[in-house]
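All remarks here apply to the structure that follows.
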Amino acid sequence: MSSMTRRTLLIGGAATAGATLVSLPAQAAPEFTCKFANNLPLAHPLNVRANEAAARIKADTGGRVELQVFPNGQLGSDTDMLSQVRSGAIEFMTLSGLILATLVPAASISGLGFAFPNYDAVWSAMDGSLGTYVRGQIAKSNLVAMDKIWDSGFRQITTSTRPIDKPADLKGLKIRLASAPIFISLFKSLDAATTPINFNELYSALQTKIVDAQENPLSILSTAKFYEVQKFCSITNHAWDGFWFLANRRAWERLPESLRPIVARHINEAAMAERADLAQLNNSVRADLAGKGLKFNEPDVAPFRDALRGAGFYETWKKNFGEEAWAALEKSTGKLS
Ligand code: X2X
């Protein structure tokens with residue numbers, strides 16, 4: 001903080017009873033510039049709330065910390081961004097636990113097929129012992145996960161060819177999956193023809209028919225405009241997904257101890273606001289998508305779950321995750337295997 005012309009800032013806001021006048025030094029440039037990268041469109045609530053958090057972090061650190069938001073895979077695919085966060089080329093990213101599992105296997109436990117019956121069960125797990133367990137595992141890889149996971153949503157299958165009504169409809173279906181071992185296992189157990197493709201190439205892969213199907217939450221179908229290149233949407237709710245807000249550990253620890261709690265607080269508050277945004281969006285998004293031509297069906301999911309059980313899916317993943325993690329999951333979901 002050098003050139004010290006003083007200026008007066010008006011700090012106000014909904015939560016402040018009356019505005020306060022504070023005198024702060026003008027900042028020529030921030031002391032800590034942090035890149036935050038993610039795979040989602042700018043219109044997705046995650047980016048809306050991240051931009052809001054960036055402005056609040058700047059204000060509350062007196063301009064010392066700048067969070068630069070790079071949405072939409074601008075800095076690369078998820079797997080590229082993960083390498084960059086690990087090396088420190090990017091300070092922060094949000095990443096689905098499903099894909100983070102390529103580095104931290106425990107992170108995909110929240111994406112286990114047909115595990116969570118509803119959002120109450122999700123948040124009790126992720127804000128409770130399961131979340132604590134997964135963050136502990138993430139910490140072993142020299143990444144820091146903020147306390148609150150961001151919502152992506154319950155995932156649904158879309159296709160350009162046919163509605164998915166029963167397990168046999170998945171047989172041979174050319175479906176794109178994220179690079180997520182647990183999803184590849186799930187869809188292979190149901191005999192689909194799976195292709196891993198990064199999200200930043202998905203729209204064009206659907207458009208050019210490299211694949212006929214994909215699966216994502218409705219909020220992503222809507223903000224990434226997949227309704228333009230898909231016809232059917234089957235409400236399978238086959239897995240819940242969320243985004244961990246990850247920091248490179250060295251970059252995080254470079255921030256002075258006095259600033260870290262401010263940054264963490266605004267990021268976690270933004271996550272809570274984003275969860276509420278998605279809860280709201282979930283009330284209207286299906287009707288919007290139907291209006292844009294997507295045809296919906298609601299299969300009975302019991303036969304899908306039975307088929308997975310029959311294929312040994314739950315037994316395999318229980319072994320992979322281990323007793324401690326499985327018990328933490330079942331505390332919120334009830335008995336799974
Ligand atoms: O790649 C996807 O499908 C996405 C955006 O949902 C994830 O981040 C897993």
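Along the sequence shown, the residues carry numbers beginning at 1. Each ligand, and each atom within it, is numbered from 1 in the order the structure gives. Hydrogens, waters and symmetry mates play no part in the numbers below; they use all other heavy atoms, side chains included.
Geometrically, ligand 1 and Ser96 share no nitrogen or oxygen pair separated by less than 3.5 Å. For the pair Asn216 and ligand 1, the shortest N or O to N or O distance falls below 3.5 Å.
The atoms of ligand 1 that sit less than 4.0 Å from any heavy atom of Asp241 are 9 (C). Applying the 4.0 Å criterion to heavy atoms of Ile99 picks out, from ligand 1, the atoms 9 (C). Listed by number with element, the atoms of ligand 1 under 4.0 angstrom from any heavy atom of Phe199 are 1 (O), 2 (C), 3 (O), 5 (C). Every atom of ligand 1 with a heavy atom of Phe243 under 4.0 Å away is listed here by number and element: 8 (O). Short contacts between ligand 1 and Asn39, defined as distances under 4.0 Å to a heavy atom of the residue, involve ligand atoms 5 (C), 7 (C), 8 (O).
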For Phe92 and Phe32, run ring pair (Phe, Tyr, Trp, His ring centres under 6.0 Å): C-alpha distance rounded to whole Å, both residues' side-chain angles, the deciding distance at 0.1 Å, then the answer. CA-CA 13 Å; Phe92 296 103; Phe32 303 96; over 10 Å; no
Where do Met81 and Phe70 land on the side-chain contact (heavy atoms from CB on, under 4.5 Å) test, with the steps shown first? CA-CA 11 Å; Met81 287 190 279; Phe70 293 90; over 6 Å; no
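Separation of the Phe154 and Phe116 ring centroids does not fall under the 6.0 Å cut-off. For Phe36 and Phe243, the distance between ring centers is not under 6.0 angstrom.
Every residue meeting the side-chain contact (heavy atoms from CB on, under 4.5 Å) condition with Glu298, not counting sequence neighbours, appears here in chain and number order: Ile235, Arg286. Legend: residues meeting side-chain contact (heavy atoms from CB on, under 4.5 Å) with Ala328, ordered by chain and number and at least two apart, are Ser129, Leu130.
Only the side chain of Arg155 comes within 4.0 Å of ligand 1, judged by heavy-atom distances. Using a 4.0 Å cut-off between heavy atoms, Arg176 contacts ligand 1 through its side chain alone, with no backbone atom that close. With a 4.0 Å heavy-atom cut-off, ligand 1 is reached by no atom of Leu202. Under 4.0 Å from ligand 1, not a single heavy atom of Leu95 appears.
Ring geometry for Phe321 against Trp326 counts as parallel: the plane angle stays under 30°, on a 0 to 90° scale with 60° as the upper cut.
Looking only at distances, a side-chain donor or acceptor of Thr208 sits under 3.5 Å from a matching main-chain atom of Ser204.
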